[in-house]
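Below is one structure; the comments refer to it alone.
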Amino acid sequence: MDKFFTDLQKPKKPTAESEDAASPDKQAIPKGVVLGKDGKPCRTCTSVSAWRAMIKQDAATATTQSPSPTTTPTTTTPTPPTPPTDCPPDVEDLGRSTWTFLHTLSANYPSRATSTQQTEMRQFLTLFSRLYPCWTCAEDFRTWMGTRGNEPRVEGREGLGRWMCEAHNEVNRKLGKREFECARWEERWRSGWRDGRCD
Ligand SMILES: Cc1cc2nc3c(=O)[nH]c(=O)nc-3n(C[C@H](O)[C@H](O)[C@H](O)COP(=O)(O)OP(=O)(O)OC[C@H]3O[C@@H](n4cnc5c(N)ncnc54)[C@H](O)[C@@H]3O)c2cc1C
């Protein structure tokens with residue numbers, strides 16, 4: 001699991017297993033930008049900041065490679081405008097929405113799941129880990145989930161909620177974020193905080 005996000009700061013190449021296999025031009029890819037099978041950056045695998053850095057770099061390259069014979073080359077490249085909110089999600093927007101869904105799903109899982117419900121939840125998590133649109137995230141999530149001791153705990157709500165919290169904390173650690181106190185997952189995602197601020 002050490003590779004989970006370790007190369008977040010490097011452009012990540014799709015693996016042969018990934019449906020998005022590509023042959024990237026390393027020179028042209030800024031840090032943090034991930035490529036899809038068409039060789040183009042994968043927006044759902046890339047943060048807006050890395051995306052914007054790429055646009056800025058493209059603009060700078062265009063300026064230096066094809067200067068107009070009649071104009072003086074510019075020395076600064078304008079920062080692209082902040083995208084409006086109704087644009088396709090980047091890796092962070094997608095992640096926030098997805099965690100909201102996954103924790104809410106756990107919070108509404110039966111306290112004691114039937115064997116059918118357990119099977120369905122296992123199947124869902126397996127499919128989720130294959131279909132999540134950030135393929136680099138999905139790949140690492142699959143690896144984590146497949147590691148001994150990290151298998152989904154689907155017997156009931158408490159186990160699943162804790163497991164989801166641990167899964168999320170794994171991502172938090174890899175991204176250098178603070179870990180969440182898993183004893184409080186239910187307050188965050190089901191009952192609301194004990195101080196009553198969500199009531
Ligand atoms: C399966 C998966 C894999 C991902 N992999 C990557 C990746 O490889 N690279 C990448 O850049 N991004 C990845 N992301 C996105 C990343 O986890 C964040 O969603 C994104 O960086 C936005 O972070 P955030 O700080 O806004 O809050 P988020 O991490 O999205 O958290 C949202 C809210 O959940 C609560 N929370 C935080 N931690 C926990 C926890 N452990 N348990 C319960 N609640 C918690 C907090 O209240 C927080 O505000 C992944 C997302 C998912 C769903």
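Because only heavy atoms are used, hydrogens play no part in the values below, and waters and symmetry mates are left out as well, while side chains stay in. As the structure lists them, so they are numbered: ligands from 1, and atoms in each ligand from 1.
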Parallel, tilted or perpendicular: rings of W144 and F141 (30°, 60°): parallel
Tell me the nearest of [options] to [atom], using heavy-atom distances.
atom	options	result
atom 51 (C) of ligand 1	F180, W185, W99	W99
atom 12 (N) of ligand 1	V91, D140, D93, N172	V91
atom 42 (N) of ligand 1	C165, A138, C134	C165
atom 1 (C) of ligand 1	F141, F101, W189, W135	F141
atom 45 (C) of ligand 1	H168, M145, R173, R188	H168

Enclosure of R112 CZ (heavy-atom neighbours >12, cutoff 6.0 Å): no
Heavy atoms only, cut-off 4.0 Å: how does [X] contact ligand 1, side chain, backbone, both, or neither?
X	value
K177	side chain
N169	both
K174	neither

SG atoms of C165 and C182 less than 2.5 angstrom apart: yes
Atoms in ligand 1 flagged as close to T98, the criterion being non-hydrogen separation under 4.0 Å: 53 (C)
N-O pairing of E166 and R162 below 4.0 Å: no
Among T126, L160, T116, the one residue meeting side chain to side chain contact (heavy atoms under 4.5 Å, CB included) with M121: L160
Residues forming a salt bridge (charged side-chain N to carboxylate O under 4.0 Å, His left out) with D199, sequence neighbours excluded: none
Pairs where residues 93-111 contributes a residue and the test salt bridge (Lys or Arg N to Asp or Glu O under 4.0 Å) is met, not counting sequence neighbours: D93-R96
